[in-house]
There are 2 protein chains.
Amino acid sequence: MFKIGLAEDDLKIAGLVKTGLEEQGYLVTIVSNGEEALQTFKETDFNLVILDVMMPGMNGIAVCKSLRSGNKDLPILMLTALGSIDDKVTGLNSGADDYLVKPFHFKELLARIEALLRRQHVATGKDKTDHLLSFDDISLNTYSKEVKRAGILIELTAKEHTLLELFLRNPNRLLSRQYIAENAWDISFDTGTNVIDVYVNFLRNKIEKGFSRKLIHTKIGMGYILK
Amino acid sequence: MFKIGLAEDDLKIAGLVKTGLEEQGYLVTIVSNGEEALQTFKETDFNLVILDVMMPGMNGIAVCKSLRSGNKDLPILMLTALGSIDDKVTGLNSGADDYLVKPFHFKELLARIEALLRRQHVATGKDKTDHLLSFDDISLNTYSKEVKRAGILIELTAKEHTLLELFLRNPNRLLSRQYIAENAWDISFDTGTNVIDVYVNFLRNKIEKGFSRKLIHTKIGMGYILK
DNA sequence: AAGAAAGATTAAGATTATATTAACAAAGTA
DNA sequence: TACTTTGTTAATATAATCTTAATCTTTCTT
């Protein structure tokens with residue numbers, strides 16, 4: 001459940017946006033001037049705020065700067081009737097993440113909100129679609145434990161699954177045998193075992209045989225990498 | 001130094017954007033169709049990519065989706081002549097972070113790029129490029145273990161990689177054989193070996209052959225220096 | 001300039017790393 | 001318990017890397 005703050009003095013617009021967002025399952029808090037916005041949105045539990053630039057008293061730009069100085073993570077979307085380029089640039093430079101000009105289509109506002117939230121969540125690692133890992137044409141669902149490549153279901157054993165998950169959580173990154181041993185097995189010292197090699201081989205047979213692109217590559221003397 | 005990828009088939013626009021961004025200190029790589037975009041921007045060292053939606057062959061939406069599946073972090077900005085709301089929504093929903101309609105003002109593009117990069121930096125908490133070592137036109141990614149010179153991928157063995165990394169961590173600094181032996185090999189006393197000389201030679205063959213500038217220079221009686 | 005020292009280059013052999021297979025052990029299931 | 005599946009170890013084959021040592025080239029010293 002995402003909590004969105006909306007600072008907008010035009011009550012008609014505010015109401016429409018609130019209704020629309022609530023239909024999408026968002027929790028919306030409306031304020032109608034800059035001071036109130038600053039006061040309310042300082043709270044840490046807002047996932048995103050929408051600021052109108054033109055408001056009585058403190059304007060959106062000032063609110064944005066002030067919010068930014070206290071909370072660098074908060075996604076801020078500016079909303080305004082001003083359409084001139086300089087206004088947009090000023091808005092974005094004051095710390096906003098996006099800028100939308102009125103009149104706007106609700107659909108576009110929604111898409112921009114989603115883009116911002118998506119990014120926020122990817123970056124902070126707590127994406128709501130976190131259980132879906134994918135790379136190239138392979139995907140792994142940590143809930144259903146289903147693995148598919150190019151749409152084709154692949155059956156993996158528990159260890160193979162764990163190993164693939166480790167690779168999918170670290171794409172384009174070389175994983176040393178040591179690292180794999182610690183994270184997919186519970187080996188913290190060198191036991192002289194070759195389980196990892198054997199399992200990489202098992203995994204390759206299942207996810208690469210019959211497909212043209214290789215996924216797991218060997219870097220001799222270093223480890224394995226998914227790319 | 002941020003590296004930006006630009007996929008745009010209109011060479012006039014591409015040129016203008018490139019020039020403008022380069023004036024701001026960005027490094028810009030242009031491609032002119034979707035397939036090329038996918039191929040080039042899959043590389044791990046782009047900080048942001050700009051995709052035109054309408055391109056010959058694979059379009060921007062498809063490129064965006066595919067890039068997203070491999071790299072969740074990469075900021076993507078879509079650029080297009082289509083101004084309809086549905087196009088914007090489709091673009092944003094395919095994984096883009098922002099969407100700009102042509103004709104646009106360069107100032108706005110720049111402000112939006114800066115907003116995206118700012119967010120990226122804030123969200124990841126630290127310089128996202130601290131695993132990238134570089135000197136002149138050579139770069140080494142300590143995550144993916146990829147080495148490139150002037151954009152060309154160079155395959156190094158484990159020892160060669162370790163040796164290059166040592167040089168890149170000590171640019172413009174003379175490294176004695178003793179120092180190299182201790183840090184890239186595990187030799188702490190003089191064994192009378194010439195492995196280092198041999199490996200510097202191997203490394204030179206891979207990173208200097210075919211390029212005009214020398215990187216590793218010999219200081220007779222002292223050691224080697226990267227400059 | 002000649003000889004000595006330092007470094008570059010090459011090739012062969014030693015060493016190590018990896019892929020693959022099979023056998024065995026452990027765990028789960030009927 | 002017997003059977004099946006999964007996980008682990010070990011052995012082998014193959015390939016790549018690393019090291020050594022010999023020779024060639026350049027630089028330094030006298």
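By convention in this document, chain letters (A, B, ...) are assigned in the order of the sequence lines, proteins followed by strands, and residues within each chain are numbered from 1.
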Item to check | Distance test, side-chain N/O of A:Thr157 to OP1/OP2 of D:dT5, below 4.0 Å | outcome: no
Next on the checklist: Tell me whether the rings of A:Tyr199 and A:Trp185 are parallel (<30°), tilted (30 to 60°) or perpendicular (>60°).
Outcome noted: perpendicular
Checklist entry - How long is the line joining CG of A:Asp197 and P of D:dT8, in whole Å? => result 13 Å
Checklist entry - What nucleic acid atoms does A:Val200 come within less than 4.0 Å of, heavy atoms only: base, sugar-phosphate, or nothing? => result nothing
Checklist entry - Of the nucleotides D:dT9, D:dG7, C:dA19, which one has an atom closest to the side chain of A:Lys159? => result D:dG7
Checklist entry - Counting just side-chain N and O atoms, does A:Asn201 come under 4.0 Å of either OP1 or OP2 of C:dT20? => result yes
Next on the checklist: Is B:Arg204 close enough to C:dT9 that one of its side-chain N or O atoms is under 4.0 Å from OP1 or OP2 there?
Outcome noted: no
Item to check | Under-4.0 Å side-chain N/O to phosphate OP1/OP2 contact, A:Tyr199 with C:dA19 | outcome: no
Item to check | Sugar-phosphate, base or nothing in reach of A:Phe202, heavy atoms under 4.0 Å | outcome: base
Next on the checklist: Keeping A:Lys206 on the side-chain end and A:Glu155 on the backbone end, is there a donor-acceptor pair under 3.5 Å?
Outcome noted: yes
Checklist entry - Around A:His105, counting heavy atoms of other residues, nucleotides and ligands shown, do more than 12 lie under 6.0 Å from its NE2? => result no
Checklist outcome for this item: Between CD1 of B:Ile196 and C1' of D:dA21 the distance, given in whole Å, is 16 Å
Next on the checklist: Does A:Asp186 have more than 12 heavy atoms from other residues, nucleotides or ligands lying within 6.0 Å of its CG?
Outcome noted: no
Item to check | Gap between atoms CG and C1', on B:Leu203 and D:dT19 respectively (whole Å) | outcome: 17 Å
Item to check | B:Thr193 side chain near D:dT20 phosphate (N/O to OP1/OP2, under 4.0 Å) | outcome: yes
Checklist entry - Expressed in angstrom and rounded to an integer, what is the separation of A:Asn194 atom CG from D:dT12 atom C1'? => result 12 Å
Next on the checklist: Given C:dA8, C:dT10, D:dT8, identify the nucleotide with an atom nearest to the side chain of B:Val198.
Outcome noted: C:dT10
Checklist outcome for this item: Separation of D:dT17 atom C1' from B:Trp185 atom CH2, nearest Å, is 12 Å
Item to check | B:Thr218 side chain near C:dA8 phosphate (N/O to OP1/OP2, under 4.0 Å) | outcome: yes
Next on the checklist: Assess, by modelled atom type and distance only, whether the side chains of B:Tyr224 and B:Arg177 contain a donor and an acceptor separated by less than 3.5 Å.
Outcome noted: yes
Next on the checklist: Nearest to the side chain of A:Arg177, heavy atoms from C-beta on, is which of D:dA21, D:dG7, C:dT18?
Outcome noted: C:dT18
Checklist entry - B:Lys206 has an atom NZ; how far is it from atom C1' of C:dT9, in whole Å? => result 16 Å
Checklist outcome for this item: Taken to the nearest whole Å, CG/B:Asp186 to P/D:dC18 is 14 Å
Checklist entry - A:Ile220 has a side chain; which of D:dC28, D:dT9, C:dT18 sits nearest to it? => result C:dT18
Next on the checklist: From CE of B:Met222 over to P of D:dT27, roughly how many Å is that when rounded to an integer?
Outcome noted: 14 Å
